[in-house]
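Here the structure is laid out as structure tokens; the discussion comes afterwards.
Here the structure is a predicted model, which is why all the values come from computation and not from measurement. The figures here come from the full heavy-atom set of this structure, side chains too, leaving out hydrogens, waters and symmetry mates.
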Amino acid sequence: MTSYNDLFVAMVAFIGGVLAFAVAIGPWQQPYHLRSISHVVDRYGMSAARSVWVLVAIISLIAGMAIANGVRPGYATPDRTLSGSTK
């Protein structure tokens, strides 16, 4: 069962992915003034910077899906206690 915390984090990742995708296909120029993206624009051009935004969007969407499905590394297992109990 997925907890509400996981769903919240998954929704934040989904929203971030949608926003990054909107930046990649939209007419906005302000996000391209970020330091790391402006270096990509200066060195490789605007199409490469748009590709970076699409890559960020894809990674965010995949991470959101993984989090929503409860995928986590083996060392990060949640506690098996009830939410109302204390130890």
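- Across every non-hydrogen atom of Arg72 and Asp6, the tightest pair is NH2-OD2, 2.7 Å.
- Shown here for Tyr32 and Ala24, the closest heavy-atom pair between the two residues is OH-CA, 3.8 Å.
- Hydrophobic clustering, with ILVMFWY side chains joined whenever heavy atoms are under 4.5 angstrom apart, keeps Val52 apart from Leu55.
- In the hydrophobic cluster analysis, where Ile, Leu, Val, Met, Phe, Trp and Tyr join through side-chain heavy atoms closer than 4.5 angstrom, Met46 is grouped together with Val23.
- Met65 and Val54 end up in the same hydrophobic cluster when Ile, Leu, Val, Met, Phe, Trp and Tyr side chains are linked at under 4.5 Å.
- A search for side-chain hydrogen bond (donor to acceptor under 3.5 Å, both in side chains) contacts involving Tyr44 returns nothing, not counting sequence neighbours.
- When all heavy atoms are compared, the tightest approach of Ile37 to Ala49 is CG2-CB, 4.1 Å.
- Distance check: Leu34 CG to His39 NE2 gives 11.0 Å after rounding to the nearest 0.5 Å.
- Nearest heavy-atom pair across Ala57 and Gly17 is CB-O, 3.3 Å.
- More than 12 heavy atoms of other residues, nucleotides or ligands lie within 6.0 Å of CZ in Phe14, so this atom counts as buried by the packing criterion.
- Using a 4.5 Å cut-off between side-chain heavy atoms of Ile, Leu, Val, Met, Phe, Trp and Tyr, with links allowed through other members, Val56 and Val18 fall into different hydrophobic clusters.
- Connection of Val12 to Leu61 is not established within any shared hydrophobic cluster, with ILVMFWY side chains joined at heavy-atom distances below 4.5 Å, either directly or through further cluster members.
- Scanning all heavy atoms of the two residues, the minimum distance from Gly64 to Ala10 falls at O-CB, 3.4 Å.
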